[in-house]
Q: 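My questions all concern the structure below.
Values below: all heavy atoms of this structure, side chains included; hydrogens, waters and symmetry mates excluded.
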2 protein chains.
Amino acid sequence: MTDSLTATGGPSSKRERLVEGARDLLFEQGVERTTIAQIAERADVPLGNVYYYYKTRDELVEAVIESRIARIRQVLGDLDRRTTPKARLKGLTATWDEAAREVKENGCPIGTLACELSRAHNELSDQAAQMIREILDWMERQFRELGRRDAPALAVTLLAAIQGAAQLASTLQDEALFRREIRRIRRWIDGIS
Amino acid sequence: MTDSLTATGGPSSKRERLVEGARDLLFEQGVERTTIAQIAERADVPLGNVYYYYKTRDELVEAVIESRIARIRQVLGDLDRRTTPKARLKGLTATWDEAAREVKENGCPIGTLACELSRAHNELSDQAAQMIREILDWMERQFRELGRRDAPALAVTLLAAIQGAAQLASTLQDEALFRREIRRIRRWIDGIS
DNA sequence: GTCTATATAGCGATAGAC
DNA sequence: GTCTATCGCTATATAGAC
């Protein structure tokens with residue numbers, strides 16, 4: 001990269017299109033089934049040109065993870081503006097509810113990616129775990145602000161409930177199941193402490 | 001197959017060794033990353049000979065799913081001998097607790113397989129979903145026996161909690177997290193109705 | 001910076017001797 | 001039934017013209 005300003009500058013640079021295409025395909029097909037050729041085609045970038053931007057396939061996957069982490073931070077940052085911890089937590093569950101259809105199709109975009117990469121046992125595993133940690137830490141802060149000493153455990157219980165529901169919904173291809181569980185979880189948050 | 005008795009008769013026939021090797025490898029590495037050559041090597045069967053027993057790779061994966069379903073039915077059948085629904089449900093959670101180390105390493109053997117195959121969108125998806133359905137239906141019967149009209153929803157909540165905990169445990173490589181969640185779930189069962 | 005053509009490797013699956 | 005050798009395909013990655 002000769003010019004770091006133009007590199008990420010254009011609203012639809014090849015670099016950005018590649019990450020976006022990769023992100024969507026990894027979600028739709030899973031990491032292992034997705035090929036560089038498919039990513040190149042969706043991003044409308046010639047196959048050989050991909051390697052100018054990303055030296056290896058793993059580097060591209062890493063860029064997708066970083067993109068997801070950035071998005072997570074943005075969503076959590078926006079939620080931080082809400083006045084009460086419960087409103088923030090319920091706001092976060094709403095983002096999953098809005099994505100119920102995608103969740104039914106391919107699972108949680110974050111959870112399935114983290115799950116798949118955790119078995120790779122390379123550097124990507126740690127990056128993928130970071131996505132989950134960002135959410136867990138944020139949830140923990142909300143529960144702590146509610147005065148709960150068991151905030152870490154509550155965060156795990158909450159995220160596990162969401163991820164488990166997403167897994168069942170996609171396995172059974174049942175969107176309503178997911179929405180029902182999210183509603184139950186929202187009531188659970190309302191009843192806290 | 002010329003003789004269906006000897007086919008499944010020996011305690012370690014090639015056919016059995018192939019399914020066992022495939023089952024272990026699919027769990028350790030995931031479906032997509034596991035090759036026929038690896039399965040053949042682990043089962044100590046020459047590569048070309050695999051195709052005498054299973055015409056395609058998918059047929060072998062299907063045999064693994066059937067093996068898992070058979071095991072699930074056996075475990076649930078044994079638990080049915082317990083006197084109370086709560087004892088049965090807690091007995092089932094104990095099987096996950098005993099497998100906590102494997103769960104930390106590669107996730108729930110059933111959940112990760114179902115999750116991975118649900119995106120394949122072929123016949124294997126339905127077979128994989130059946131593993132989950134068997135457990136869900138059994139859980140539902142226990143809750144119904146406890147007099148809960150919301151037995152289906154409770155079954156989903158319970159299995160989702162377990163699967164979500166397994167996912168977080170393997171993503172974060174945290175065995176203690178999984179054990180803590182299972183303990184919490186056991187207390188939740190104790191407090192039912 | 002961009003793109004075509006291709007090297008290289010590993011996969012599922014098959015042929016055919018034994 | 002068993003096993004070796006190999007076909008055909010597709011993947012990642014690279015070479016090199018432009």
Side-chain angles (χ1 to χ4, degrees), chain A residues 1-23 25-26 28-65 116-117 119-120 122-124, chain B residues 1-19 21-23 25-26 28-65 116-117 119-124:
Chain A
M1 191 61 50
T2 55
D3 186 348
S4 62
L5 280 173
T6 54
T8 54
S12 142
S13 70
K14 290 191 177 179
R15 205 184 183 87
E16 281 173 343
R17 277 178 2 236
L18 282 170
V19 179
E20 283 166 20
R23 187 196 56 210
L25 281 168
L26 292 194
E28 292 165 21
Q29 305 186 327
V31 179
E32 299 301 329
R33 299 184 69 93
T34 300
T35 68
I36 303 263
Q38 290 173 329
I39 296 168
E41 189 187 6
R42 180 162 305 200
D44 202 34
V45 171
L47 176 58
N49 202 355
V50 174
Y51 292 90
Y52 174 76
Y53 297 99
Y54 297 98
K55 278 190 285 294
T56 65
R57 188 175 175 280
D58 278 5
E59 254 186 50
L60 192 38
V61 175
E62 193 182 339
V64 169
I65 297 173
E116 207 173 347
L117 290 176
R119 323 170 98 186
N122 49 30
E123 327 114 32
L124 290 176
Chain B
M1 190 63 47
T2 55
D3 185 349
S4 62
L5 280 175
T6 54
T8 54
S12 138
S13 70
K14 290 191 178 179
R15 206 185 180 87
E16 282 173 343
R17 292 199 324 259
L18 282 170
V19 180
R23 188 196 55 211
L25 280 168
L26 293 193
E28 293 166 20
Q29 305 187 328
V31 177
E32 298 302 328
R33 299 184 69 90
T34 300
T35 68
I36 302 264
Q38 291 172 330
I39 295 168
E41 189 186 6
R42 179 159 307 198
D44 202 35
V45 171
L47 177 58
N49 202 356
V50 173
Y51 292 91
Y52 174 75
Y53 297 99
Y54 298 98
K55 280 191 283 293
T56 65
R57 188 176 175 280
D58 277 5
E59 254 186 50
L60 192 39
V61 174
E62 192 182 339
V64 169
I65 297 172
E116 206 173 348
L117 290 175
R119 322 171 98 185
H121 287 124
N122 50 28
E123 326 114 32
L124 289 176

Q: Produce the list of close N/O pairs, under 3.5 Å, pairing protein atoms with atoms of nucleotides 15-18 of chain D; give distances to one decimal.
A:
none

Q: How many Å lie between CD on B:E41 and C1' on C:dC11, as a whole number?
A: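 Atom-to-atom, B:E41 to C:dC11, this comes out as 15 Å.
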Q: Over its full length, what angle do the end axes of the helix from C:dG1-D:dC18 to C:dC18-D:dG1 make, each axis taken from five pairs and the result rounded to 10 degrees?
A: 10°
Q: Quick one: closest heavy-atom pair of A:P46 and A:A40, and the distance?
A: C-CB, 4.4 Å
Q: Out of D:dT12, C:dG1, D:dT2, which has the shortest distance to the side chain of A:Y52?
A: C:dG1
Q: Which residues pass the side chain to side chain donor-acceptor pair (under 3.5 Å) test with B:E32, sequence neighbours left out?
A: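 Per chain and number, B:E32 pairs via side chain to side chain donor-acceptor pair (under 3.5 Å) with A:R33.
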Q: Where the side chain of B:P46 is concerned, which of D:dT12, D:dT4, C:dA13 is the nearest nucleotide?
A: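 Comparing D:dT12, D:dT4, C:dA13 against the side chain of B:P46, the answer is D:dT4.
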Q: Can you find a pair of side-chain heavy atoms, one from B:L47 and one from B:I36, that are under 4.5 Å apart?
A: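 SC-SC contact between B:L47 and B:I36 confirmed.
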Q: Calculate the interatomic distance between A:N49 atom CG and D:dT14 atom C1'; express it in whole Å.
A: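 These atoms are roughly 13 Å apart.
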Q: Could you work out, with side-chain contact (heavy atoms from CB on, under 4.5 Å) as the rule, every residue matching A:Y54, not counting sequence neighbours?
A: A:R15, A:L18, A:V19, A:E59, A:L60, A:A63
Q: To the nearest 0.5 Å, what is the distance between OG1 on A:T35 and CG on A:L25?
A: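 Going from OG1 on A:T35 over to CG on A:L25, the span is 8.0 Å.
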Q: Just jot down the salt bridge (charged side-chain N to carboxylate O under 4.0 Å, His left out) partners of A:R119, sequence neighbours excluded, or say none.
A: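 Partners of A:R119 by the salt bridge (charged side-chain N to carboxylate O under 4.0 Å, His left out) criterion, ordered by chain and then number, come out as B:E116.
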Q: Do any pairs count as a salt bridge (Lys or Arg N to Asp or Glu O under 4.0 Å) and have a residue in residues 36-45 of chain B, sequence neighbours left out, and if so which ones?
A: B:E28-B:R42
Q: To the nearest Å, give me how far apart CG (B:L18) and P (D:dC3) are.
A: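 For the pair B:L18 CG and D:dC3 P, the rounded distance is 11 Å.
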Q: Measure from OH on B:Y51 to P on D:dT4 and round the result to the nearest Å.
A: 15 Å
Q: If you check every side-chain atom of B:R57, which of D:dT12, C:dT2, C:dG12 has the closest atom?
A: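 Within the option list, the nearest is C:dG12.
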Q: Just how far, in rounded Å, is P of D:dT14 from OH of A:Y54?
A: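 Atom-to-atom, A:Y54 to D:dT14, this comes out as 17 Å.
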Q: Whole Å only: how far is the CD atom of A:E32 from the P atom of D:dT10?
A: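 Result: 19 Å.
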Q: What nucleotide, of C:dG12, D:dT12, C:dT2, holds the atom closest to the side chain of A:L47?
A: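 Nearest to the side-chain atoms of A:L47, counting from C-beta on, is D:dT12.
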Q: Ignoring backbone atoms, test whether A:Y53 places a side-chain nitrogen or oxygen under 4.0 Å from the OP1 or OP2 oxygen of C:dT2.
A: yes
Q: If you check every side-chain atom of B:T35, which of C:dC11, D:dC3, C:dT2 has the closest atom?
A: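 The nucleotide sitting nearest to the side chain is C:dC11.
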Q: Provide, to the nearest angstrom, the distance between the CZ atom belonging to A:R33 and the C1' atom belonging to D:dA11.
A: 14 Å
Q: Distance check needed: C:dC11 P versus B:Q29 CD, whole Å only.
A: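 Spelled out: CD on B:Q29 to P on C:dC11 is 10 Å.
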Q: Could you tell me if the side chain of B:L117 sits less than 4.5 Å from the side chain of B:I65, heavy atoms only?
A: yes
Q: If you round to the nearest 0.5 Å, how far is CD of A:E62 from CG of A:L124?
A: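 A:L124 atom CG to A:E62 atom CD measures 6.0 Å (nearest 0.5 Å).
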